[in-house]
Protein chains: 2
Amino acid sequence: MKDTTQDRQPWLDPETGTCPVGETLRLLGGKHGPSVLHCLMSGEMHFLELTRALDGISRKVLTAQLQEFERSGLVARIEKHDARRRVGYSLTAKGSDLGAILSQLYDWSQAHRDRAATR
Amino acid sequence: MKDTTQDRQPWLDPETGTCPVGETLRLLGGKHGPSVLHCLMSGEMHFLELTRALDGISRKVLTAQLQEFERSGLVARIEKHDARRRVGYSLTAKGSDLGAILSQLYDWSQAHRDRAATR
DNA sequence: GCAATTGGGCACCTTTTGGTAACCGGAGAC
DNA sequence: GTCTCCGGTTACCAAAAGGTGCCCAATTGC
């Protein structure tokens with residue numbers, strides 16, 4: 001038996017056995033994921049436009065990240081059949097909602113910038 | 001020269017040249033960071049209590065994570081000088097505020113659970 | 001003396017992640 | 001035809017993150 005500590009992990013979803021918050025954070029992806037999302041909040045962008053805007057991300061990682069976002073339904077991929085056959089990426093409503101929460105992290109960082117532990 | 005795209009990365013802090021949101025997310029740590037934080041939202045816990053509650057995290061990673069949280073001022077380390085010399089960890093106000101935002105991620109995950117891309 | 005508890009530290013290994021560079025295929029421009 | 005742009009894909013490599021297991025020091029209980 002586990003122990004006498006508690007009822008065990010009330011922050012876990014009893015159905016899936018996982019932490020929804022952790023899962024959600026995982027959706028944000030790796031090193032550049034949040035930046036990509038944040039970047040797209042200003043509107044639709046093309047693939048190479050993103051690589052240039054993020055400046056430091058490799059095409060490999062960006063494609064992987066965008067595909068993951070597409071699978072999770074955060075981002076929509078739009079193939080333009082114009083001359084340059086460019087591909088646009090934009091946030092879905094779901095992704096946009098998530099981006100709004102990310103903005104609160106920005107507010108948090110501003111609120112707690114210099115006053116150490118706010119003790 | 002850069003390009004004609006835009007004014008360049010308005011989501012970056014002009015002072016530090018970094019994305020505050022990305023930096024904040026980085027504070028959450030790796031695989032188990034958010035869980036640790038979430039776990040501590042229910043109150044102060046001891047080291048081994050955390051290892052048992054999280055069940056799957058190694059002591060090495062937990063130690064590193066807690067030290068990182070302490071450095072960032074999210075968590076306070078309290079040495080008890082009682083019989084067992086146990087060490088308590090609890091959220092600071094700063095960490096607590098951050099935890100509150102994490103809770104919104106939970107709400108988001110509930111809101112977008114089954115309706116795919118919410119298009 | 002000996003074991004167990006508590007909170008670590010350290011060395012070693014595997015997995016994951018990300019970067020680099022090359023290549024590809026379709027369409028225009030020349 | 002060749003060159004370039006665009007959006008990828010692939011193979012290869014380096015770094016980072018995480019897991020395992022062992023050691024340690026102080027204290028209590030036997």
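Labels below follow one simple rule: chain letters A, B, ... track the order of the sequence lines, proteins then strands, and each chain is numbered from 1.
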(message) Can you measure A:Glu79 atom CD to C:dG26 atom P for me and round it to whole angstrom units?
(response) 14 Å

(request) Please report, rounded to the nearest Å, how far the P atom of C:dA27 is from the NZ atom of A:Lys80. (result) 18 Å

(request) Apply salt bridge (charged side-chain N to carboxylate O under 4.0 Å, His left out) to B:Arg77 and list each qualifying residue two or more places apart in sequence or on a separate chain. (result) B:Glu79

(message) Within residues 60-70 of chain B, which residues have any heavy atom lying less than 4.0 Å from an atom of DNA chain D?
(response) B:Lys60, B:Val61

(request) Check whether any side-chain heavy atom of A:Tyr106 sits under 4.5 Å from a side-chain heavy atom of A:His38, and report yes or no. (result) no

(message) From CD of B:Glu49 over to P of C:dT5, roughly how many Å is that when rounded to an integer?
(response) 15 Å

(message) Could you report the tightest heavy-atom contact between B:Ile101 and A:Gln104, atom names first, then the distance?
(response) CD1-O, 3.5 Å

(message) Can you confirm whether B:Leu40 sits close enough to B:Leu50 that some side-chain heavy atom of one is under 4.5 Å from a side-chain heavy atom of the other?
(response) yes

(request) Side chain of A:His32 only, please: which of C:dG7, D:dG8, C:dG19 is the nearest? (result) C:dG19

(request) Taking only the side-chain nitrogens and oxygens of B:Arg26, find out if one of them lies under 4.0 Å from OP1 or OP2 of D:dA17. (result) no

(message) Any salt bridge linking A:Glu49 with A:Arg52? Criterion: basic side-chain nitrogen under 4.0 Å from a carboxylate oxygen.
(response) no

(request) Figure out the CZ/C1' separation between B:Phe47 and C:dG7, and round it to whole Å. (result) 6 Å

(message) Rounded to whole Å, please give me the gap between CE in B:Met45 and C1' in C:dG7.
(response) 15 Å

(request) Round to a whole Å and report the spacing from CD1 of A:Ile57 to C1' of C:dT20. (result) 14 Å

(request) Compare all side-chain heavy atoms of B:Leu105 with those of A:Leu98 and state whether any distance is below 4.5 angstrom. (result) yes

(request) Pick base, sugar-phosphate or nothing for A:Arg85, based on heavy-atom distances below 4.0 Å to the nucleic acid. (result) base

Between the protein and nucleotides 1-3 of chain C, which nitrogen or oxygen pairs come in under 3.5 angstrom?
none

For nucleotides 28-30 of chain C, list the nitrogen or oxygen atoms of the protein found under 3.5 Å from its nitrogen or oxygen atoms, one pair per line.
none

(request) Look only at the side chain of B:Ser96 and the backbone of B:Ala93, and say whether a donor-acceptor pair between them is shorter than 3.5 Å. (result) no

(message) Under 4.0 Å between a side-chain nitrogen and a carboxylate oxygen: does that hold for A:Lys80 and A:Glu44?
(response) yes

(request) Taking only the side-chain heavy atoms of A:Arg59 (C-beta and beyond), determine which of C:dA22, D:dC22, D:dC6 contains the nearest atom. (result) C:dA22

(message) Once side chain to side chain contact (heavy atoms under 4.5 Å, CB included) is applied, do any residues pair with A:Ala76, and if so which ones, sequence neighbours excluded?
(response) A:Ser90, A:Thr92

(message) I need the A:Leu62 CG to A:Phe69 CZ distance, nearest 0.5 Å.
(response) 9.5 Å

(request) Measure from CZ on A:Arg86 to P on D:dG8 and round the result to the nearest Å. (result) 13 Å

(request) Determine the contact category for A:Gly56: base if any of its heavy atoms lies under 4.0 Å from a base atom, sugar-phosphate if only primed atoms, P, OP1 or OP2 are that close, otherwise nothing. (result) sugar-phosphate

(message) For B:Gln67, give me all partners under side chain to side chain contact (heavy atoms under 4.5 Å, CB included), at least two apart in sequence or on another chain.
(response) B:Thr63, B:Arg71

(request) Give a yes/no answer on whether the side chain of B:Tyr89 brings an N or O atom under 4.0 Å of OP1 or OP2 in C:dT6. (result) no

(message) Just verifying a value: how many Å separate A:Thr51 OG1 and A:His46 NE2, rounded to the nearest 0.5 Å?
(response) 12.5 Å

(request) Please tell me which of the listed nucleotides, C:dG18, D:dG18, C:dG8, lies nearest to the side chain of A:Lys31? (result) C:dG18

